There are 2 protein chains.
Amino acid sequence: MSKKEALLKAAEDKVRLGGYNNFSFREIANEVGIKSASVHYHFPTKADLGAELAHQYTNAFLNALGDVDEIKANNENPIDVYTQLFRNALLTDNKMCLCGLLGAQNESLPDKVRLEVKRFFDLNLAWLEQAHSANGESEPSHAAILTVSLLEGAMMISKALNDHSYFKLATK
Amino acid sequence: MSKKEALLKAAEDKVRLGGYNNFSFREIANEVGIKSASVHYHFPTKADLGAELAHQYTNAFLNALGDVDEIKANNENPIDVYTQLFRNALLTDNKMCLCGLLGAQNESLPDKVRLEVKRFFDLNLAWLEQAHSANGESEPSHAAILTVSLLEGAMMISKALNDHSYFKLATK
DNA sequence: TTTAAAGTATCTATCAGTAGATAGTTATAT
DNA sequence: ATATAACTATCTACTGATAGATACTTTAAA
């Protein structure tokens with residue numbers, strides 16, 4: 001893993017625990033074994049780092065979801081796949097969804113970060129709409145909104161209560 | 001409004017926009033017209049301020065909700081009342097739910113703040129369980145979890161997309 | 001094929017600004 | 001007189017950011 005990738009990973013862990021202000025160049029530099037000034041070589045500003053972090057997170061998330069048609073072709077329910085990905089993010093990493101937390105902080109984010117967070121939800125809603133449509137839902141667009149809202153909310157409250165069983169109950 | 005109340009109000013606005021790290025003693029002191037050192041007279045530490053903020057927010061929220069039995073006696077649906085309170089918080093104030101945002105940041109909060117955030121959701125779930133029970137739901141506890149998760153998630157994503165119509169769609 | 005230039009990745013040193021917090025002082029009001 | 005609510009002054013720690021130097025690697029030109 002390159003230093004740049006390591007910096008992004010270190011930042012991701014901290015942001016997913018406490019939001020955009022929960023990491024500093026010094027902290028993540030220490031963790032990967034360079035000086036804070038050197039972080040600016042890879043990311044001119046903190047906003048640049050935050051934006052790239054959200055962008056890559058979104059790409060990785062959508063990549064992990066895969067293609068709706070392929071899922072259907074395997075006789076699987078894409079909504080179950082989606083739910084499972086959220087569940088893993090919470091249970092395995094024991095952390096919030098990066099873009100969920102950043103989204104809640106929207107108004108205090110730099111513009112370029114805000115834009116990437118919006119991209120995450122736009123793409124998620126598009127994927128879910130396609131999924132519900134493939135499932136024969138009568139209102140796929142509305143169902144998509146309900147799905148992502150419920151999952152993000154359940155995740156948030158599971159963290160607030162520090163109780164993973166909450167998420168399981170909310171998504172069963 | 002006393003200085004102390006004004007400090008809490010100023011802090012609340014900032015926290016609801018960007019989380020616990022989104023306000024400083026200096027900022028809120030300037031806003032109410034005192035010096036940052038004087039804030040420590042009212043709140044020994046920032047954690048004390050945060051905890052009292054979340055506590056009062058919770059009390060005000062539950063007070064605004066009112067009593068389930070009285071709502072039912074007026075032939076109103078308490079779940080509609082609950083939804084409407086969330087909607088107003090978002091549409092009128094144009095801000096996130098304080099405890100929703102803090103809950104997502106859970107791991108980076110001081111202990112006493114974390115405790116108050118947990119109290120918010122515990123009390124919300126109890127109120128909703130009673131409400132769903134009064135509505136004759138077969139699984140009031142489960143319904144309560146779904147209700148608060150959906151509303152918090154819809155609120156979060158409305159902020160992320162900067163689009164209030166999203167919340168309306170999610171809650172119709 | 002050697003040389004020159006450019007790019008990569010880091011360093012040290014430093015900056016102005018802000019953070020929360022403390023000690024000790026002063027004014028005001030009961 | 002005492003408690004309340006503010007003040008001034010100051011502290012240490014941390015923030016993101018910049019300047020300038022160094023070593024190493026890669027590319028391009030003579």
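Note that the coordinates shown come from a computational prediction; the quantities given were computed from them, not determined experimentally. Just so we're on the same page: letters track the sequence lines, and every chain starts at 1.
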Q: Can you confirm whether the side chains of B:Asn94 and B:His164 place a donor and an acceptor under 3.5 Å from each other?
A: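 The criterion, which ignores hydrogens and geometry beyond distance, is satisfied for B:His164 and B:Asn94.
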
Q: Suppose we screen for side-chain hydrogen bond (donor to acceptor under 3.5 Å, both in side chains). Which residues come up paired with B:Glu129, at least two apart in sequence or across chains?
A: none

Q: Output one letter per nucleotide in nucleotides 15-22 of chain C: B when a protein non-hydrogen atom lies under 4.0 Å from the base, S when only the sugar-phosphate is that close, - when neither is.
A: ----BBBB

Q: If only side-chain N and O atoms of A:Tyr41 are considered, is one of them under 4.0 Å from the OP1 or OP2 phosphate oxygen of C:dT10?
A: no

Q: Evaluate B:Lys72 against B:Glu76 for salt bridge (charged side-chain N to carboxylate O under 4.0 Å, His left out), listing each step before the verdict.
A: CA-CA 5 Å; B:Lys72 290 296 284 187; B:Glu76 280 186 278; over 6 Å; no

Q: Under a 4.0 Å threshold between the charged nitrogen and the carboxylate oxygen, would A:Arg114 count as salt-bridged to A:Asp111?
A: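 Here A:Asp111 pairs with A:Arg114 in a salt bridge, since their nearest N and O are under 4.0 Å apart.
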
Q: Atom NZ of B:Lys4 and atom C1' of D:dA5: how far apart are they, to the nearest Å?
A: 12 Å

Q: When the distance from CD1 of B:Ile34 to P of D:dA9 is rounded to whole Å, what number comes out?
A: 17 Å

Q: Could you state the CE-P distance from B:Met1 to D:dA5, rounded to the nearest angstrom?
A: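 Atom CE in B:Met1 sits about 16 Å away from atom P in D:dA5.
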
Q: Report the distance from atom NZ of A:Lys35 to atom C1' of D:dT22, rounded to the nearest whole Å.
A: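 Going from NZ in A:Lys35 over to C1' in D:dT22 covers 16 Å.
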
Q: Nearest-Å distance, NZ (A:Lys14) to P (D:dG16)?
A: 12 Å

Q: Could you tell me how far apart B:His42 (NE2) and D:dT4 (C1') are, to the nearest whole angstrom?
A: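 Spelled out: NE2 on B:His42 to C1' on D:dT4 is 9 Å.
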
Q: For residues 27-35 of chain B, which side-chain donor-acceptor pairs fall under 3.5 Å, sequence neighbours excluded?
A:
{"residue": "B:Glu27", "atom": "OE1", "partner": "B:Ser24", "partner atom": "N", "Å": "3.2"}
{"residue": "B:Glu31", "atom": "OE2", "partner": "B:Lys14", "partner atom": "NZ", "Å": "2.7"}

Q: Using side-chain heavy atoms (C-beta onward) and a distance below 4.5 Å, is B:Asn124 in contact with B:Phe61?
A: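 B:Asn124 reaches B:Phe61 side chain to side chain.
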
Q: Answer yes or no: does a side-chain N or O of A:Ser38 lie under 4.0 Å from OP1 or OP2 of C:dC11?
A: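 So the side chain of A:Ser38 is within the cut-off, an N or O lying under 4.0 Å from OP1 or OP2 of C:dC11.
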
